[in-house]
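Quick notes on the structure that follows.
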Amino acid sequence: MYNPLVSYEENLERGPAPEWNRGGFFPAIRYSGTPQFSLFDHPLYLPLGIPAGPLLSAAFVNVALHAGFCMPVYKTVRSRAWRSHPWPNVLRLEKVESTAAGQNPADSTQIQICNPAGADDQRASVQVLPLQQTFLGDPLKSKSLSITNAFGVPSLTPDQWTTDFGSIHDDGFSKGYLPVLSFQGSRLPDGRWIDFLDDTARSAQLAAQCLRKKGGRILEMNVSCPNEAGAPIYSDLKALTETLRCAAEGLSGFPELKLIIKLGVVPDAQIPQSVDVISRYAQGISSINTVSATITTPDGKPALGSGAAHGGVCGYAIRDQALDVVRKLNDARKTLGLSKREFALVGVGGCTTVDDFQKFIDAGADVVHAATGAMWNLQFAGEVAKALKVGFSDGDN
Ligand SMILES: Cc1cc2nc3c(=O)[nH]c(=O)nc-3n(C[C@H](O)[C@H](O)[C@H](O)COP(=O)(O)O)c2cc1C
């Protein structure tokens, strides 16, 4: 439903585009019976959602809810207006030129990047091309679809996004569904760390006020943006701890809300400590974010509108890495004696098929989120519901 051939602002203004969903229509799913799944204590018809990013506004969230995604995340918001990087923002992965560790992956579209901080010498290099609508009609091709994106986490003003979030249908907050609001603090190019921390607390509070008005229950904090100045926050335990502490301060007046932390590829050695520190301030982890890679056109030029040499890769190419991280996060959760009810795990990264969904559940995810896999295949929720024998009737909008 996101149209990659036009700018972010045009997508926001025009709203979700049915011609950019498989078959050219938006599915409408009505679940029947009592929800059989849950996250924390909240019932869910289907443990499937769309992570922060592709759902730009309430209009996108409403389409995702109708399509049967029970845990849609409203895109990451900030405490101030923030411009998107110029178009193009979304391109299709064409070819992997090199992998970070220098190995030859068995499957050439599976990128292996071991360094989560995205150090230049650890980045894979990939060639990209524009997405074509026709490409999405071929289930075989879209099953292995990988993309890169660079938006820079644009945001409306808090007044604007609070008003917009308010227009998510009230039904979306009824039993069986869990819409989430994602936020993050803003790092200004020459800004001080202390200002970022203050802004994190402020953003958390603004997001909580907005969510409470709608009776929502879950916030997500993004500490893993690969396209921002500096290393992602989660890669430095001290920075992560300080950021979590400030978010918790901002949320001190909202005891009914749960906070999930969005991470990228955490290095193996750091996983136990990361889970430990996060569990002191928050109630769950969503992982992984996109994986940073060098992005070029086939003739070697920077391909993304940001003008930067790198962008975040998502979709099929990062699936195995995402599964590996989820498995290890789940091991750490068990070692720390945290139950699924007290500390949730959302599996994200390259889930495009029912088989992938099951792999994430088997790896320990309580809920699975699909961004690339859902962006042009909103029928995916129906496919998972059918496989899990969840009762529903369907039609189209
Ligand atoms: C168009 C787009 C925009 C995104 N924007 C955000 C964002 O604002 N905040 C965030 O935490 N993750 C963002 N992401 C990352 C996704 O939430 C997800 O972690 C990543 O795409 C991996 O999932 P996938 O392989 O299913 O696409 C974005 C992804 C896409 C495709």
Side-chain angles (χ1 to χ4, degrees), residues 1-4 7-8 11-12 16 20 48-57 60 64 69 71-78 82 84-85 87-93 109-111 131 142-156 161 180-186 203 207 219-228 232-234 260-265 285-293 304 306 311-323 325-326 346-353 356-357 359-360 365 367-377 380:
M1 53 180 170
Y2 186 88
N3 179 352
S7 69
Y8 175 84
N11 272 284
L12 188 59
W20 279 92
L48 181 69
I50 298 182
L55 306 178
L56 274 48
S57 67
F60 284 80
F69 292 88
M71 194 180 168
V73 184
Y74 187 100
K75 81 163 300 309
T76 308
V77 295
R78 299 175 182 265
W82 199 272
S84 164
H85 289 321
W87 183 89
N89 307 93
V90 178
L91 295 163
R92 172 166 64 87
L93 219 84
T109 53
Q110 284 282 324
I111 303 177
L131 253 151
S142 54
K143 203 175 91 175
S144 57
L145 179 65
S146 301
I147 60 172
T148 178
N149 76 77
F151 289 92
V153 194
S155 178
L156 296 170
W161 53 252
V180 176
L181 175 58
S182 166
F183 70 91
Q184 69 174 57
S186 297
S203 308
L219 286 171
E220 186 176 281
M221 178 166 71
N222 180 19
V223 291
S224 50
C225 182
N227 297 321
E228 292 220 312
I233 289 150
Y234 76 92
I260 289 179
I261 307 300
K262 178 78 173 284
L263 301 180
V265 181
I285 289 174
S286 172
S287 190
I288 60 175
N289 209 314
T290 57
V291 177
S292 188
L304 286 157
S306 65
V313 169
C314 47
Y316 177 71
I318 66 166
R319 184 199 59 198
D320 288 356
Q321 231 175 329
L323 282 168
V325 172
V326 169
V346 180
V348 197
C351 176
T352 63
T353 65
D356 295 337
F357 168 88
K359 283 188 174 131
F360 275 98
V367 175
V368 184
H369 282 179
T372 308
M375 279 172 88
W376 301 284
N377 178 22
F380 187 47

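Remember, it's 1-based here, ligands and their atoms both numbered in the order they're listed. FYI, the numbering just counts along the sequence from 1.
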Using a 4.0 Å cut-off to any heavy atom of Met375, which atoms of ligand 1 qualify?
1 (C), 31 (C)
To the nearest 0.5 Å, atom OH of Tyr234 lies from atom CD1 of Ile288 at 8.5 Å
Can a donor-acceptor pair be found, under 3.5 Å and without considering hydrogens, that links the side chain of Trp87 to the backbone of Pro4?
yes
Minimum heavy-atom distance Ala370-Cys351, with the two atoms named
CB-O, 3.4 Å
Could you identify the single nearest non-hydrogen protein atom to atom 26 (O) of ligand 1 and state the distance to 0.1 Å?
Ala371 N, 2.9 Å
So the atoms of ligand 1 within less than 4.0 Å of a heavy atom of Lys262 turn out to be 10 (C), 11 (O), 12 (N), 15 (C), 16 (C), 17 (O), 18 (C), 19 (O)
Between Leu304 and Asn89, what is the shortest heavy-atom contact and its length?
CD2-O, 3.8 Å
Starting from atom 21 (O) of ligand 1, find the nearest protein heavy-atom neighbour and note its residue, name and distance.
Cys314 CB, 3.3 Å
Taking heavy atoms and a distance under 4.0 Å, where does Gln184 meet ligand 1: side chain, backbone, both or neither?
neither
What pairs with Phe357 under ring pair (Phe, Tyr, Trp, His ring centres under 6.0 Å), at least two apart in sequence or on another chain?
none
Quick one: CG on Leu55 to CG on Leu181, what's the gap to the nearest 0.5 Å?
12.0 Å
Mind checking ring pair (Phe, Tyr, Trp, His ring centres under 6.0 Å) for Phe380 and listing every partner two or more places apart, or none if nothing turns up?
none
Please report which non-hydrogen protein atom sits nearest to atom 1 (C) of ligand 1, along with the residue it belongs to and the distance in Å to one decimal place.
Phe151 CE1, 3.3 Å
Could you check which of Val368, Val348, Thr372 puts a non-hydrogen atom nearest to atom 27 (O) of ligand 1?
Thr372
Nitrogen or oxygen atoms of Gly350 and ligand 1 under 3.5 Å apart
yes
Which protein heavy atom lies closest to atom 6 (C) of ligand 1, and at what distance to 0.1 Å?
Ala52 O, 3.2 Å
Can you tell me how far the OG1 atom of Thr372 sits from the CD1 atom of Ile147, to the nearest 0.5 Å?
4.0 Å
Testing the basics here: between Ser224 and Lys262, what is the closest heavy-atom pair and its distance to 0.1 Å?
OG-O, 2.9 Å
Do Ile318 and ligand 1 have an N or O pair less than 3.5 Å apart?
no
Taking atom OG of Ser287 and atom CD of Gln321, what is their separation to the nearest 0.5 Å?
10.0 Å
Which of the atoms in ligand 1, numbered in the order shown and given with their element, are less than 4.0 Å from a heavy-atom of Thr76?
7 (C), 8 (O), 9 (N), 10 (C), 11 (O)
Hey, is Ile288 one of the residues with a heavy atom under 4.0 angstrom from ligand 1?
yes
Nearest to atom 31 (C) of ligand 1, what protein heavy atom do you find, and at what distance?
Asn149 ND2, 3.5 Å
Does Ser182 have a heavy atom less than 4.0 Å from any atom of ligand 1?
no
Minimum-distance protein heavy atom relative to atom 15 (C) of ligand 1
Asn289 OD1, 3.3 Å
Tell me, which protein residue and heavy-atom name are nearest atom 4 (C) of ligand 1, and how many Å apart are they?
Gly53 CA, 3.3 Å
